[in-house]
Structures are given as C-alpha cells and as structure tokens.
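The structure under discussion appears below in the form of structure tokens.
Just so we're on the same page: letters track the sequence lines, and every chain starts at 1.
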Amino acid sequence: MLKEYRTVTEVVGPLMLVEGVEGVKFEELVEIELQTGEIRRGRVLEIHEDKALVQLFEGSAGINLKNTKVRFLGRPLELGVSHDMIGRIFDGLGRPIDDGPKIIPEKRMDINGVPMNPVARDYPSEFIQTGVSAIDGLNTLVRGQKLPIFSGSGLPHAELAAQIARQARVLGEGEKFAVVFAAMGITFEEAQFFMDDFTRTGAIDRAVLFINLADDPAIERIATPRMALTCAEYLAYERDMHVLVILTDMTNYAEALRETSAARKEVPGRRGYPGYLYTDLATIYERAGRIKGRPGSITQIPILTMPEDDITHPIPDLTGYITEGQIILSRELHKKGIEPPINVLPSLSRLKDKGIGEGKTREDHADTMNQLFAAYATGKEARELAVILGEAALSDTDKAFAKFAEEFENRYVNQGYNNNRSIIETLDLGWELLKLLPRTELKRIRDVFLEKYLPLETEGVEK
Amino acid sequence: MKVGRIIKVSGPLVVAEGMDEANVYDVVKVSENKLIGEIIEMRGDKASIQVYEETTGIGPGEPVYTTGEPLSVELGPGLVTTMFDGIQRPLDAIREVGGDFLTRGIDLPGLDREKKWHFTPTVKVGDEVGPGDVIGTVQETAVVLHKIMVPPGISGRVKSIEEGEFTVVDTVCVLEGDQEYELQMMQKWPVRRGRPYIKKLDPDEPLITGQRVIDTFFPAAKGGTAAVPGPFGSGKTVVQHQLAKWADAEIIVYVGCGERGNEMTDVLMEFPEIKDPRTGESLMNRTILIANTSNMPVAAREASIYTGITIAEYFRDMGYSVAIMADSTSRWAEALREMSGRLEEMPGDEGYPAYLASRAAEFYERAGKVVCLGKDNRVGALTVIGAVSPPGGDISEPVSQATLRIVKVFWGLDSSLAYRRHFPAINWLNSYSLYQNKVDQWMDKNIDPEFSKNRIKAMTLLQEESSLQEIVRLVGRDSLSEGDQLKLEAAKSIREDFLQQNAFHEEDTYTSLNKQNLMLKMVLAFYDEGKRALDNGVYLKEILDLPVREKIARAKFIGEDRVSEIESIIEELKASIDELVSKGGILNA
C-alpha cells in the first residue's frame with residue numbers, strides 16, 4: 001500500500017512542494033488526487049531531506065493544499081508499449097483519446113530512455129528518397145538522421161512535413177515502415193491537417209499519434225516527445241521497423257521547459273531559457289539513430305518555428321548544434337509562391353556525403369550538388385547586384401548565373417506538395433539547369449562526369 | 001571509511017552529509033547502484049557531489065561511499081585505438097557487459113587487465129633510474145611504441161627487470177633504494193593536475209595539417225594552442241576531423257565533448273579505413289577517442305576534456321608530438337554552468353560561473369612543447385585545438401572570449417562562407433596566428449625561401465579584394481580600372497583555387513607543404529603575369545579567357561606524386577602571356 005501524503009505546503013505555477021516525505025526518489029512519478037477525486041500526474045524534480053519538489057504535468061489549477069492527496073509511485077513516468085499502438089491516437093501523456101480499446105502493454109518503458117552507447121551506433125548511410133528535389137538532391141536525408149525543419153509563423157512547414165511523411169521511402173526495399181507523430185502545443189487545425197492528410201493517404205494505418213494541443217496542459221508537453229520517442233524506440237529496436245518521428249512544434253516544448261525553470265527560480269541562460277536547454281534538447285534529438293546488428297531505425301524530423309524568423313534565437317540555435325543539419329524555410333520564397341519554400345543555401349544535411357554517390361544514388365551526385373549550391377549562391381549575388389546597379393552592369397557570365405538562379409528556384413525548388421520526384425529525375429533536372437552556365441564555370445565537377453552527363457555539343461553557352 | 005548519507009538530489013547534483021573524512025575532488029560511489037561521482041564542494045560535513053551518471057531513482061537516505069582518491073586516469077598500454085567515456089571507461093567493453101544502451105553503475109577499469117603486452121626492457125639490472133626515465137617499451141600498435149616510464153616521484157636502482165608478456169598490472173621491474181618499488185606498466189594520474197616536465201620551450205615548428213588555409217595562412221605550432229569558433233553548420237567538426245586525420249602528430253586524442261553520437265561513430269568507422277600518408281598505417285593506430293555525447297550525463301562532460309588532456313600529456317612525456325582536439329569546449333563550459341547553477345553560485349556573464357575564464361586558461365595552458373622528465377632530455381609537444389560553439393555564431397559571448405584571450409591561433413568560421421559552400425569556411429580576414437613569424441622562418445628554411453613573401457602577397461591581394469568589393473557593390477565592376485579588375489580576378493583565384501579545399505575529395509583532402517607552395521606560386525603567377533600583360537597593352541578579357549585558367553582551377557586535384565605538373569602549368573601560363581604580349585593587345589582592338 002502506497003503512502004498517501006496530505007502535506008502539500010506550496011503550489012507555485014507548475015510546481016508543488018510536498019513535505020515530510022520518506023523514501024522519495026529523483027524523477028519518481030507522482031499521482032495527485034484532488035479533493036474532487038480528479039487524478040493528475042507529476043514527477044519529482046528535486047528532493048531535499050524530507051521535501052520533494054514536484055512538477056505537475058496537468059497544471060495546478062484547483063489544487064487545495066489541505067485536501068489534496070499525493071502518492072509517490074516508486075517508478076519513473078513510463079509508457080506501456082505494444083505493437084497495437086500503430087494506427088492509434090493518444091494524448092500528450094500516452095492515454096488513448098480515439099475511443100478505441102485500451103492498449104494492453106507488452107512492456108513498460110521509462111520515457112526518458114537510456115543514451116545509446118556510441119560504439120553501438122551504426123553510421124546512418126542509407127539514402128531516403130523524400131521525392132522533394134531540394135532535399136534529395138542538395139540536403140539528402142538518410143536513415144537514422146535527425147533533420148529539423150526551421151520554419152517561421154505562417155510558413156507551410158506542415159505541408160512539407162506531411163509530404164515527406166507521405167513520400168519517404170528507401171530505394172528498392174519492402175521493409176516495415178511507421179510514422180510516429182508528436183504534436184506539442186499546436187492548434188487543432190494544424191493537428192487536424194496532419195490527421196486528414198494521414199487518413200487521405202492511408203498513412204494513418206502505420207502511424208502513432210501523440211497529441212497535445214495548444215489548450216492542453218503546457219507542462220505535459222515536456223513528456224510528449226519522450227512518449228513518442230519511447231514508442232518509436234520500441235517499434236524500431238524491438239519490432240524492427242523503420243520509424244520516422246515528426247515532432248512539432250519544438251518551440252512550444254522549449255517554452256514549457258522555460259516555464260518550469262522560471263518557476264524554480266533557476267539562473268537563466270539566454271532569453272530566459274534554462275542553461276541546460278542544450279542538454280535537454282539533446283536527450284530528445286539524440287534518440288534518433290541506428291544500432292549495429294538491429295534492422296530498425298529512427299529518423300527524426302523535428303519542426304520548430306523560429307521566433308521572428310531569427311535563426312540565432314536559442315531554440316533553433318541549440319537545435320542546430322545537436323541535429324545533423326537543418327532545412328530552412330524562407331518567407332521570401334514563400335511570398336514568391338515557391339512550393340516548398342526551402343531556402344537552399346543555409347539548409348544543410350550533414351550526413352548527405354555518406355548517403356549519396358555510386359550504389360546509393362548516382363556517381364555524379366556529390367559534384368553536381370556542390371556545383372548547384374555554388375552556382376545558386378553566385379547567381380543570387382549577381383541578382384542582388386542587378387537590383388542595385390541594373391541588369392546592364394552585369395557581365396555575360398553574371399547574367400548567366402542570374403538566369404540560372406531564377407530557373408533553379410522556379411523549376412528545381414518549386415515542385416509543389418504533391419509532386420513526387422525520383423532521385424534520377426532530380427539529378428537530371430540539375431544537369432539541365434547547369435547547361436545554362438558556361439562550361440568553364442563548372443569547376444566543381446570532375447571532367448569524367450562533365451563528359452558523361454554534359455557532352456560538349458549540348459553546351460548552352462559559347463565558350 | 002565512514003559512509004555518508006544523501007540528503008538532497010537535484011539532477012546531477014547530490015548533497016550528502018557525514019562526509020567529513022572525504023577530500024574535495026575525491027571520487028565517491030553514490031547509492032547501492034555505485035554511481036560514480038566527484039566531490040566538488042564541502043560545507044561542514046556536507047559534500048556536494050557531481051554524479052557522472054543519471055540520478056533517476058536516487059533519493060535521500062541512500063549511502064555514499066568515498067574512495068579517498070581524486071578522479072584519475074589509468075595510463076599504460078591499451079589506450080590507443082580505444083574509445084572511452086568522459087571518465088575513462090572503455091565503451092566497447094561497456095557494450096559487451098551492458099548492451100547497446102548505457103546502463104548505470106558499470107564500473108570497468110580504463111585499461112584491460114587481462115590483455116598481455118610484450119615488454120622489452122631498455123635498462124638493465126644495476127642502472128640508476130629516476131622519474132620519467134624509460135625502463136622499457138611495448139609495441140602498442142603498428143605505429144605507436146609505448147614507452148614505459150618511471151612514474152614521477154620515484155627513483156632507485158634497478159633490482160630486477162625482465163622481458164616477456166605481461167598484463168598492465170604485472171610487476172615488470174623492481175627498483176631499490178631508500179625504499180623498494182614494484183613498477184607496473186600502468187600508472188595512475190589525477191586528471192585535474194598537469195603532469196610534470198622539466199621545462200617549457202617556445203613552440204617554433206608548424207603542426208602540418210595538409211589544410212592549405214591553415215598551413216599557409218594561419219599555421220598552428222607544435223605545442224601551441226588554437227581555437228575554432230563557428231556557428232552551427234560552418235564546418236567546425238569537419239575541420240576538427242580533418243586535423244585529427246592529417247595533422248603530423250604521432251598521437252591524436254579526440255574528445256567528443258557534448259556533441260553528436262553519430263560523429264563519434266563516424267570517426268570510429270572511418271579512421272581505421274584511412275591510411276596515414278606518413279606511416280602508411282591506419283589512422284586509428286595513433287588515435288584515442290573520448291566520447292561524451294550530448295545525451296550522456298552532463299557531469300562527465302566536464303571531466304572528459306581533463307581525461308583527454310591527461311592521456312595526451314602522458315604520451316607527450318614519452319617524447320611524442322601529440323595533438324588533442326576538443327569538440328566542443330562550449331559544451332564543457334555549459335556543463336560547468338549547469339553545475340554552478342545547481343550549486344546556487346552567483347553567476348557571471350550569461351549565467352556562466354565567474355571562474356569560467358580561469359578554468360579555460362588552466363586547460364589550454366597544459367599545452368606546450370616541453371623537455372620531458374627523464375635523463376635523455378627528450379622533447380615532447382602537446383598541441384591543443386578547441387572548437388567553440390558560440391550561440392548564434394556571435395563570438396562576443398563569454399566562452400569564445402575566455403578562449404580567445406588564451407589561444408594563439410584563431411580560425412574564425414563564417415556561416416556566409418559556408419552558405420556559399422566555401423570550405424573550409426575559415427574567414428581569412430579575421431583569423432590570425434601568432435605563430436606566424438616563427439613558422440615563416442621555418443617555412444623559408446625548409447620549404448622555399450620565397451614562401452613567406454608569397455604568403456604576404458596573397459594575403460594582401462585578399463585584403464585589397466575586400467575593399468575593392470565595397471566599391472563594386474556601390475558603383476559596379478565596370479567602373480574599376482582593368483588593373484583593379486585583374487586584382488579581383490586574382491583574389492577570386494586565390495579563394496577558389498587555393499583556399500577552398502574539399503575534405504571529401506580523395507586528392508584534395510590533404511595537400512603537402514610542397515604542393516601548397518607550388519599552388520600558391522601558381523595563383524600568384526596569374527596575377528603577376530596578368531599585370532605584365534596589362535602593362536603591355538593586352539586587354540583584360542584576353543587574359544581572363546586564357547584556357548590555362550581551367551588548368552589552374554583543377555590543379556588542386558593533381559596527385560601528390562605528380563606535383564611537378566603544377567610547374568608546367570606556370571610555364572604554360574607564362575608562355576600564353578608571352579604570346580598575348582607579342583600580339584600587343586591588337587587581337588580584339
């Protein structure tokens with residue numbers, strides 16, 4: 001029989017202090033029974049002698065210091081996992097909300113997970129074809145990678161994420177694939193968009209959804225991504241599935257973390273976020289990966305909205321330091337009607353080099369990728385110059401680059417949310433665009449590939 | 001020894017009472033799980049302990065055992081090629097015991113106690129030996145001859161010593177004197193104290209890295225310090241990996257401090273495949289890895305760079321040139337900040353503790369070229385290269401500033417260069433090396449008497465380019481004189497054909513000093529020859545359209561065995577210009 005305490009002495013924001021406790025452990029799960037009989041959950045953040053500081057996942061509204069009963073459950077917050085979770089919808093704390101039957105767990109797992117031993121990791125190197133040229137061709141996603149989408153308010157990150165979830169596949173395979181979707185503090189409409197899209201394309205049958213909406217308790221969001229990743233780890237490492245985890249929106253998550261930190265009166269780091277934000281985010285993002293000798297994998301696509309489109313804001317900044325690259329959406333391209341508005345130059349996939357090339361995509365991939373990047377950068381500069389000085393001030397080469405940049409945005413990047421391009425189509429389109437440039441400018445491509453894919457007679461511009 | 005009792009748990013910080021017998025910085029075992037921790041503060045009989053493992057499930061009332069020893073590393077054969085965690089537990093052995101995930105409370109010694117090494121004595125019975133003297137050797141890997149040294153503070157006459165197969169804890173040598181000592185191949189050293197040496201020397205020899213922008217423009221010295229600050233995506237880790245791969249050091253210690261797990265896996269999988277251009281052996285044979293990835297316990301992150309540098313110092317003491325890369329020191333500083341916050345200390349800048357700068361200085365100061373302990377006066381060097389991850393790429397933040405005050409070389413990474421895919425994205429306008437003068441002398445003596453002159457010339461062109469570009473931005477390129485336009489073209493050639501280097505291209509990834517020298521001459525020859533042509537009335541367009549320019553652009557892909565081809569490119573360039581000059585620019589007139 002668990003001891004029940006009625007010694008709550010303080011409730012401040014999402015925190016509660018319980019005194020006179022015995023045998024309480026760090027990170028222990030806490031059950032709080034309100035005077036109304038309502039049950040809420042919390043976890044132990046700190047214990048000092050006989051005082052336990054408890055974080056309330058569902059908020060403190062309505063808690064009565066005298067009549068609230070507190071029980072310490074002797075275990076950390078766990079998720080009961082089962083293969084039957086696929087196709088189901090849960091709330092932010094892992095309770096079913098889709099009127100389906102209760103999940104009978106095959107096992108219970110601590111949602112905090114355990115860090116993977118670096119020597120057990122298998123390096124991600126399998127190319128994932130997302131069907132989006134700006135990703136496949138230039139910022140290639142590989143299995144086991146964590147590649148966030150940096151977006152801003154009002155940008156179509158949801159459309160892009162849904163497109164990736166719908167189209168992503170590994171070339172030539174018939175393996176088991178699942179999507180785990182965690183929503184943290186997003187609006188009903190946004191959540192509904194994903195659910196509709198998953199239903200429309202049948203993806204719902206292989207998806208697990210954890211939904212914490214904007215009007216759900218904020219502190220619950222701290223647990224939601226961990227719930228999702230625990231479920232993903234179970235599916236990947238024990239059920240041998242390839243799991244794509246979409247976490248949206250990490251900004252809301254970080255804000256919930258800041259709320260707790262502020263309530264604890266911790267010394268803040270930048271912009272009021274706690275100093276351990278980096279470590280905390282890492283315990284989420286680093287759960288992507290592969291393990292040697294196990295067939296499954298976890299690929300993460302976290303989505304975050306950059307406050308004021310500011311990439312130096314602590315949330316995108318620290319995320320970028322942990323994740324293996326980032327896909328950045330651009331407001332300017334969005335206004336021009338480019339779909340998806342991926343800002344190619346600052347976007348990056350750190351693991352692309354291992355996932356491309358002969359036997360994976362095509363031998364010329366690396367060279368053309370570097371060339372497209374460099375040419376687009378030069379083209380954009382030329383275009384800016386033309387704005388200041390007028391088109392006439394540009395040299396012929398600069399004009400060619402400016403034209404290239406224009407075409408690149410309109411044809412390569414702008415492909416629409418329902419267009420699924422194969423990697424070969426993407427690479428060929430790249431060559432077609434490179435034809436717009438003088439051959440001497442293609443310095444980053446090895447001669448052999450130039451001769452093979454861009455024979456002299458097809459050259460667009462005179463030497 | 002007395003057993004303490006936990007009274008408080010707050011994340012990685014545990015406070016225990018009844019600890020009056022323990023010393024500050026002693027290692028303790030927390031709770032029955034025997035989690036490893038270190039005392040960082042004492043108040044009366046209450047000790048604040050940073051715990052190197054997750055503290056989930058730990059609560060007041062549980063015991064704390066002191067070991068009475070400071071946090072130490074085990075030094076001896078078996079270090080090279082191994083990956084350790086932040087407190088020197090071998091990760092592959094941990095995997096065998098605990099599986100693919102890091103479970104808690106696994107206590108494994110740093111060095112394998114079972115493995116036998118072949119010990120060959122280098123002294124004989126009756127010899128007098130003192131601290132640092134080499135008593136024997138072990139061929140640890142194909143390239144590393146591990147010298148077994150008398151630990152600091154011990155001396156005597158060799159009473160017995162024998163050749164044979166021993167484990168690291170077997171006695172290999174007995175010394176007699178005032179006291180008898182049984183020497184093993186393994187010695188221990190506390191990580192927070194630098195290992196002793198006789199004296200420090202001035203670093204004057206370059207650490208050759210095969211990276212053109214570094215070796216030619218911003219060289220590091222053997223025994224020096226360098227920092228690589230840069231925002232995310234600017235290629236810090238690639239620079240660090242390139243240095244770990246190609247730097248001409250005999251031992252590399254790579255500390256992954258709070259970084260990505262996959263990066264350590266990358267090193268672990270890639271290095272055994274790469275051949276060291278100097279020895280022809282796999283790079284892994286000279287590499288030691290310390291990994292505390294960002295999701296591993298934060299307190300061990302603070303310890304990881306000390307563990308790394310102590311191991312590095314040990315190899316330096318053998319008379320080797322050692323380089324340690326710490327990626328990233330910002331994560332180490334953040335670990336300090338987290339502990340400081342939990343200790344409720346008064347914060348300095350941005351919540352970092354007030355002692356951040358002094359801790360960073362202490363760490364970097366352990367670098368150096370030194371005369372090692374031992375009668376043979378051998379010289380060893382320890383080069384420290386730290387990556388810094390400034391938030392938002394703004395180096396006015398405390399960690400960057402604390403670092404820049406100490407280090408002598410600054411390779412500033414620039415995200416705008418990275419966006420343009422100019423790699424390595426080291427900004428040539430704000431980076432610097434304070435070893436430049438000494439290295440210049442070395443280069444002029446050993447590579448080419450003209451080397452430093454050419455380097456300055458190239459740098460001047462790059463500087464001029466940046467001011468010319470401001471004019472271009474305002475009034476357009478056409479308003480510049482042909483001479484200035486040529487300057488821009490020459491600077492572009494320096495940037496694209498010399499500074500840019502592709503780490504993933506088989507030939508371009510490493511450039512010898514000889515090839516660097518020729519390439520530098522080649523890109524400068526384009527400017528000199530172009531200028532000569534302009535002075536003789538040739539039109540700029542004719543110069544720019546020369547077909548030899550494509551060869552200049554591709555010279556970086558010429559193999560090391562064919563570098564003389566670069567000389568013929570220079571000849572061809574001169575010949576083409578001669579031809580233009582002889583026509584006197586009337587071709588298009």
Quiz item: Which answer fits B:Leu474, side chain, backbone, both or neither, if we ask what part of it has an atom under 4.5 Å from a heavy atom of chain A?
Solution: backbone
Quiz item: Checking A:Ile291 against chain B: side chain, backbone, both or neither under 4.5 Å from a heavy atom?
Solution: side chain
Quiz prompt | Selection from A:Arg350, A:His313, A:Glu28 maximising heavy-atom pairs under 4.5 Å formed with chain B | solution = A:Arg350
Quiz item: Counting only heavy atoms not in B:Glu344, do more than 12 fall under 6.0 Å of its CD?
Solution: no
Quiz item: Looking at A:Gly269, A:Gly23, A:Pro124, which one has more heavy-atom pairs under 4.5 Å with chain B than the rest?
Solution: A:Pro124
Practice problem: Step by step, work out the side-chain contact (heavy atoms from CB on, under 4.5 Å) result for A:Ser125 and B:Met269. | Solution: CA-CA 12 Å; A:Ser125 62; B:Met269 295 177 103; over 6 Å; no
Quiz item: Is any side-chain N of the basic residue among B:Arg420 and A:Glu381 closer than 4.0 Å to the acidic one's carboxylate O?
Solution: yes
Quiz prompt | Proximity breakdown for A:Leu29 and chain B, heavy-atom pairs closer than 4.5 Å | solution = neither
Quiz item: So what's closer than 4.5 Å to chain A heavy atoms on B:Asp545: side chain, backbone, both or neither?
Solution: neither
Quiz item: Are any of the side-chain nitrogens in A:Glu266 or B:Arg337 under 4.0 Å away from the carboxylate oxygens of its partner?
Solution: no
Quiz item: Quick one: of A:Gly320, A:Ala374, A:Gly390, A:Ala377, who has the most non-hydrogen atom pairs under 4.5 Å with chain B?
Solution: A:Gly320
Self-check item: Toward chain B, the part of A:Tyr237 with a non-hydrogen atom under 4.5 Å
Solution: side chain
Self-check item: Any donor-acceptor pair under 3.5 Å from B:Tyr419 side chain to A:Val344 backbone
Solution: no
Quiz item: Taking A:Tyr376, A:Tyr285, A:Phe373 one by one, which has the highest count of heavy-atom pairs under 4.5 Å against chain B?
Solution: A:Phe373
Self-check item: Interface moiety of A:Arg444 toward chain B, non-hydrogen atoms closer than 4.5 Å
Solution: side chain
Exercise. Check whether A:Lys380 gets within reach of chain B through its side chain, its backbone, both or neither, counting any heavy atom under 4.5 Å.
Key: neither
Practice problem: Identify which part of A:Pro314 has an atom lying under 4.5 Å from any heavy atom of chain B, answering side chain, backbone, both or neither. | Solution: neither
Quiz item: What are the two closest non-hydrogen atoms of A:Lys25 and B:Gly59, and how far apart are they?
Solution: CD-N, 3.6 Å
Exercise. Mark yes when over 12 heavy atoms from residues, nucleotides or ligands other than B:Glu507 sit less than 6.0 Å from its CD; otherwise mark no.
Key: yes
Quiz prompt | Atom group of A:Ile388 that falls short of 4.5 Å from chain B, counting heavy atoms | solution = side chain
Quiz item: Among A:Asp50, A:Leu389, A:Leu348, A:Thr283, which has the most heavy-atom pairs under 4.5 Å with chain B?
Solution: A:Leu389
Quiz item: At a heavy-atom separation under 4.5 Å, does A:Thr323 approach chain B through its side chain, its backbone, both, or neither?
Solution: backbone
Self-check item: Pair B:Asp100 + A:Lys292: basic N to acidic O under 4.0 Å
Solution: no
Practice problem: Tell me, for A:Arg121 versus chain B, whether the close heavy atoms (under 4.5 Å) come from the side chain, the backbone, both or neither. | Solution: both
Quiz item: Got B:Glu270 and A:Lys354 here, is their nearest side-chain heavy-atom distance under 4.5 Å?
Solution: yes
Self-check item: Residues, nucleotides or ligands: over 12 heavy atoms within 6.0 Å of B:Gln469 CD
Solution: yes
Practice problem: Run the salt-bridge test on B:Arg260 and A:Glu324 with the 4.0 Å N-O cut-off and return the result as yes or no. | Solution: no
Quiz item: Going from CZ on B:Phe101 to CZ on A:Arg287, what distance comes out if it is rounded to the nearest 0.5 angstrom?
Solution: 8.5 Å
Exercise. For A:Glu27 and B:Glu54, run side-chain contact (heavy atoms from CB on, under 4.5 Å): C-alpha distance rounded to whole Å, both residues' side-chain angles, the deciding distance at 0.1 Å, then the answer.
Key: CA-CA 10 Å; A:Glu27 289 269 2; B:Glu54 295 298 337; over 6 Å; no
Practice problem: Determine whether more than 12 heavy atoms belonging to other residues, nucleotides or ligands lie under 6.0 Å from atom NZ of B:Lys46. | Solution: no
Quiz item: Are the side chains of A:Thr279 and B:Arg331 in touch, meaning some heavy atoms are under 4.5 Å apart?
Solution: no
Exercise. Under 4.5 Å heavy-atom distance to chain B, tell me which part of A:Arg294 shows up: side chain, backbone, both or neither.
Key: side chain
Exercise. Give a yes or no on whether A:Glu308 atom CD has more than 12 heavy-atom contacts from other residues, nucleotides or ligands under 6.0 Å away.
Key: no
Practice problem: Flag the pair B:Pro60 / A:Lys51 as yes when at least one side-chain heavy-atom distance between them is below 4.5 Å, and no otherwise. | Solution: no
Self-check item: Within-4.5 Å side-chain heavy-atom neighbours: B:Ser294 and A:Tyr278
Solution: yes
Exercise. Step by step, work out the side-chain contact (heavy atoms from CB on, under 4.5 Å) result for A:Arg446 and B:Phe557.
Key: CA-CA 9 Å; A:Arg446 267 165 269 207; B:Phe557 303 124; 5.8 Å; no
Quiz item: Which heavy atom in A:Met116 sits nearest to a heavy atom in B:Asn295, and how many Å separate them?
Solution: N-ND2, 4.1 Å
Quiz item: Closest heavy-atom contact between B:Arg342 and A:Tyr276?
Solution: NH2-CD2, 4.2 Å
Quiz item: So what's closer than 4.5 Å to chain B heavy atoms on A:Leu351: side chain, backbone, both or neither?
Solution: side chain
Practice problem: Give, as side chain, backbone, both or neither, the part of A:Glu49 having an atom under 4.5 angstrom from any heavy atom of chain B. | Solution: both
Quiz item: Quick one: does B:Arg477's side chain get under 4.5 Å of A:Ser395's, heavy atoms only?
Solution: no
Quiz prompt | Distance-only donor-acceptor check, side chains A:Gln371 and B:Arg421, under 3.5 Å | solution = no
Practice problem: Test side-chain contact (heavy atoms from CB on, under 4.5 Å) on A:Asn370 and B:Phe423 and set out the steps. | Solution: CA-CA 11 Å; A:Asn370 287 332; B:Phe423 287 115; over 6 Å; no
Practice problem: Give the member of B:Gln500, B:His422, B:Met264 that has the highest number of heavy-atom pairs under 4.5 Å with chain A. | Solution: B:Gln500
Quiz item: Is A:Glu286 reaching over with its side chain to a backbone N or O of B:Gly261, donor-acceptor style, under 3.5 angstrom?
Solution: yes
Exercise. Find out whether B:Lys236 and A:Tyr321 are in side-chain contact, i.e. whether some heavy atom of one side chain is under 4.5 Å from a heavy atom of the other.
Key: yes
Quiz item: A:Asp317 side chain to B:Gly392 main-chain N or O, any donor-acceptor pair under 3.5 Å?
Solution: yes
Quiz item: With only heavy atoms counted, which part of A:Asp280 is less than 4.5 Å from chain B, the side chain, the backbone, both or neither?
Solution: neither
Self-check item: Shortest non-hydrogen separation from B:Thr56 to A:Pro76 and the atoms involved
Solution: CG2-CB, 4.3 Å
Quiz item: In terms of heavy-atom proximity below 4.5 Å to chain A, should B:Pro391 be classed as side chain, backbone, both, or neither?
Solution: both
Quiz item: Taking side chain as C-beta onward, heavy atoms only, is A:Pro118 less than 4.5 Å from B:Leu91?
Solution: yes
Quiz item: Heavy-atom distance under 4.5 Å to chain B: side chain of A:Arg264, backbone, both or neither?
Solution: side chain
Quiz item: Is the closest basic N to carboxylate O distance between B:Glu550 and A:Lys443 below 4.0 Å?
Solution: no
Quiz item: If you round to the nearest 0.5 Å, how far is CD1 of A:Ile47 from CD1 of B:Ile7?
Solution: 11.5 Å
Practice problem: For B:Asn262 and A:Tyr123, work out which heavy atoms get closest and say how close. | Solution: O-CE1, 3.1 Å
Quiz item: Does B:Asp92 use its side chain to pair, donor to acceptor, with the backbone of A:Val119 at less than 3.5 Å?
Solution: no
Quiz prompt | Validation row: B:Ile94, A:Asn117 side chains within 4.5 angstrom (heavy atoms) | solution = yes
